[in-house]
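As structure tokens, the structure follows; a few thoughts come after it.
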Amino acid sequence: MAGFLFDIFTVRAMKSYDIIIIGGGLAGLCCAVHLAQEGVAVCLLEKNTYPHHKVCGEYISNEVVGYLKRLGVDPLKEGAVAIKELHWSTANGKDVCIDLPLGGFGMSRFALDYLLFKKASERAEVRQATVIDVAFQNDTFTVTTQAGDSFEAGFVVGAFGKRSGLDKVLQRSFIEKRTSWMAVKGHYNYEYPEHRVGLHTFEGGYCGLSRTESGSVNACYLATVPSFKKSGSLKHHQQQVVSSNPILYRFFSEATPLFDAPLTISQISFARKPPVEQHIFMVGDSAGLIHPLCGNGMAMAIHGAKIFCELFVHASKTGTIIRQQLEQEYERKWADTFSSRLRTGSYIQQLLLRPFWANAGYQVVRAVPGLLKKVIQQTHGAPLA
Ligand SMILES: Cc1cc2nc3c(=O)[nH]c(=O)nc-3n(C[C@H](O)[C@H](O)[C@H](O)COP(=O)(O)OP(=O)(O)OC[C@H]3O[C@@H](n4cnc5c(N)ncnc54)[C@H](O)[C@@H]3O)c2cc1C
């Protein structure tokens, strides 16, 4: 009898939505705002509280500005820094500056995610909860959180980033492969040109520098684990390996850190992932991460959200949504939009980290600066309407 009452209680307590979004980074938040604007009943579940810092280069391509404005967030009005120039240096400090074809802006994830979170909270239900299970049965999803709450929805968006405990639960194949990348990020006080984003390589990695809305400079570097292990500690790695590039040496010896300690992440995977898995629509890094040196991962996460939301809204307005059709359309559109960018990003990363090719590339870019612009265009898209 007690069991029976408990079951009724559980069923009654379960809340139902059109869509549940798991993860409230840029992809999840943009989905939540977009869908809620269209009258879709949305619940977003994010494990962390806002605002919080994230390991990220914090340079965002201008291609998403129009779309962000449509969602109600105008980064430049909120203090973002307009960036027009790329300063690139090889590991031995040979450097060149070029104008960026489209340009971008510098804004901390602390600020940008928080702005979108506030927008999402106005119309959608946003809850702090860690999702531990997603089950699909009888055309309905049941999403369970660590606190023991369950939510039901017809559709689920997986926007839980490049690596989450959920990837294990869902037995996604990429999670079994070991990766050799880690990343470190911090904010610093330093005189740095406002309109510039820096990309500086060193043995086994590269570091981005750019200003944020607060006036601080974000320094974020990726390094291979073998390059890091040789030094034994973060401090030694920064002094001996990262700072072997004279430009980075100057930065790290003169800049004043603003965080008590830098933020670090490891196990960064650039493996290919299906954009739909177990009927979950993967958006943002859950669907694939481009090498950060392309400076386009955030724009891709935001663009991916737009693609999914437009397909979903269109399908729901034209009648009953046929799940299989929506999944196929999303997979096709995702691949058409992003596959070649991911491939190009991977080639560029391999070239830049090989000193011989990086130096050869430098000579070519010095002679023909337009070539680097062409390469950048290959990893970026046109402005989103
Ligand atoms: C070192 C580094 C530097 C980068 N630099 C740049 C750059 O300069 N420019 C650029 O455009 N891109 C850059 N990128 C890429 C960019 O950071 C990502 O592409 C972008 O953050 C993707 O957004 P997202 O919403 O998919 O994922 P995220 O922003 O990672 O959001 C995922 C969210 O899901 C939540 N979550 C995870 N699991 C669960 C769960 N089980 N339950 C509930 N919530 C969960 C997490 O807490 C997180 O908030 C960089 C990436 C790295 C690794």
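Computed from a prediction, not measured in an experiment: that's the story for all the values here. Both counts, for ligands and for their atoms, begin at 1 and track the order of listing. All residue numbers in this chain count up from 1 along the given sequence. Reckoned from all heavy atoms, side chains included, excluding hydrogens, waters and symmetry mates.
Taking the six-membered ring where the residue is Trp, the centroids of His291 and Phe270 are separated by under 6.0 Å. Here His52 and Tyr114 keep their ring centres 6.0 angstrom or further from each other. Taking the six-membered ring where the residue is Trp, the centroids of His53 and Phe259 are separated by under 6.0 Å.
Closest protein heavy atom to atom 37 (C) of ligand 1: Phe160 O, 3.3 Å. Scanning all protein heavy atoms for the shortest distance to atom 29 (O) of ligand 1 gives Arg109 NH2, 2.8 Å. From the protein, the heavy atom lying nearest to atom 42 (N) of ligand 1 is Val131 N, 2.9 Å. Scanning the protein for heavy atoms near atom 7 (C) of ligand 1, the closest one is Tyr59 O, 3.6 Å. Looking only at heavy atoms of the protein, atom 44 (N) of ligand 1 is closest to Lys47 N, 3.2 Å. Protein heavy atom at the shortest distance from atom 33 (C) of ligand 1 is Glu46 OE1, 3.5 Å. Here the protein heavy atom with the shortest distance to atom 23 (O) of ligand 1 is Ala301 CB, 3.7 Å. Among all protein heavy atoms, the one lying closest to atom 52 (C) of ligand 1 is Pro292 CG, 3.6 Å.
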Review point. Between Glu125 and Arg127, is a salt bridge (charged side-chain N to carboxylate O under 4.0 Å, His left out) present by the stated rule, with each step listed?
Key: CA-CA 6 Å; Glu125 186 158 348; Arg127 291 181 172 227; 2.7 Å; yes
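A 4.5 Å side-chain heavy-atom check between Asn62 and Pro383 finds every atom pair outside the cut-off. Within the 4.5 Å cutoff, the side chain of Val73 has no heavy atoms near those of the Lys118 side chain. Residues His34 and Tyr67 form a side-chain contact, since some pair of their non-hydrogen atoms from C-beta on lies under 4.5 Å apart.
By the 4.0 Å N-to-carboxylate-O rule, Glu58 lies close enough to Lys185 to be salt-bridged with it. Here Glu122 pairs with Lys119 in a salt bridge; the nearest charged N to carboxylate O distance falls below 4.0 Å. Of the charged side-chain nitrogens involved, none lies within less than 4.0 Å of a carboxylate oxygen, so that Arg211 and Glu191 do not count as a salt-bridged pair. The pair Asp336-Arg332 meets the salt-bridge criterion, since a charged nitrogen lies less than 4.0 angstrom from a carboxylate oxygen.
Which parts of ligand 1 touch Gly284 is read off a 4.0 Å heavy-atom cut-off, strictly below it: atoms 26 (O). Distances below 4.0 Å separate heavy atoms of Cys220 from the following atoms of ligand 1: 1 (C), 3 (C). Less than 4.0 angstrom separates some heavy atom of Leu45 from each of these atoms of ligand 1: 43 (C), 44 (N). Short contacts between ligand 1 and Ala27, defined as distances under 4.0 Å to a heavy atom of the residue, involve ligand atoms 25 (O), 26 (O). Numbered from 1 in the order shown, with element, the atoms of ligand 1 that lie under 4.0 Å from a heavy atom of Asn48 read 47 (O). Atom numbering of ligand 1 starts at 1 in the shown order; those under 4.0 Å from a heavy atom of Lys162 are 53 (C). Distances below 4.0 Å separate heavy atoms of Gly297 from the following atoms of ligand 1: 10 (C), 11 (O), 12 (N), 15 (C), 19 (O). Against a heavy-atom cut-off of under 4.0 Å, Leu26 is close to the following atoms of ligand 1: 25 (O).
Residue Gly165 places every heavy atom at 4.0 Å or more from ligand 1. Residue Met300 places every heavy atom at 4.0 Å or more from ligand 1. Heavy atoms of Ala129 come nearer than 4.0 angstrom to ligand 1 in at least one pair. Residue contacts with ligand 1 include Ala159, since one of its heavy atoms falls under 4.0 Å from the ligand. Leu222 counts as a contact of ligand 1, since one of its heavy atoms falls under 4.0 Å from the ligand.
In summary, of the residues considered (Phe308, Trp334, Phe312), a ring-ring contact (aromatic ring centres under 6.0 Å, His included) with Phe281 occurs for Phe308 alone.
Interatomic distance, Thr379 OG1 to Ile290 CD1, rounded to the nearest 0.5 Å: 5.5 Å. Residue Arg163 holds its CZ atom at 10.5 Å from CD1 of Ile265, rounded to the nearest 0.5 Å.
The shortest N or O to N or O distance between Ser164 and ligand 1 is below 3.5 Å. The distance criterion of under 3.5 Å between nitrogen or oxygen atoms is met by Met298 with respect to ligand 1.
The residue among Asp285, Ile302, Asp133 with a heavy atom at the shortest distance from atom 22 (C) of ligand 1 is Asp285. Nearest to atom 30 (O) of ligand 1 by heavy atom, out of Gly161, Ser210, Gly288, is Gly161. The closest heavy-atom contact to atom 8 (O) of ligand 1, among the options Ala183, Gly57, Cys294, comes from Gly57.
Within the structure, side chain to side chain donor-acceptor pair (under 3.5 Å) pairs that include any residue of residues 275-289 comprise Arg172-Glu277, His279-Glu327 (at least two apart or interchain).
With a heavy-atom cut-off of 4.0 Å, Lys185 does not touch ligand 1 at all. Using a 4.0 Å cut-off between heavy atoms, Asn296 contacts ligand 1 through its backbone alone, with no side-chain atom that close.
Through direct or relayed side-chain contacts under 4.5 Å between Ile, Leu, Val, Met, Phe, Trp and Tyr, Tyr17 connects to Ile20, Ile22, Leu45, Val131, Val134, Phe136, Phe141, Val143, Phe151, Val156, Phe160, Leu166, Val169, Leu170, Ile280, Met282.
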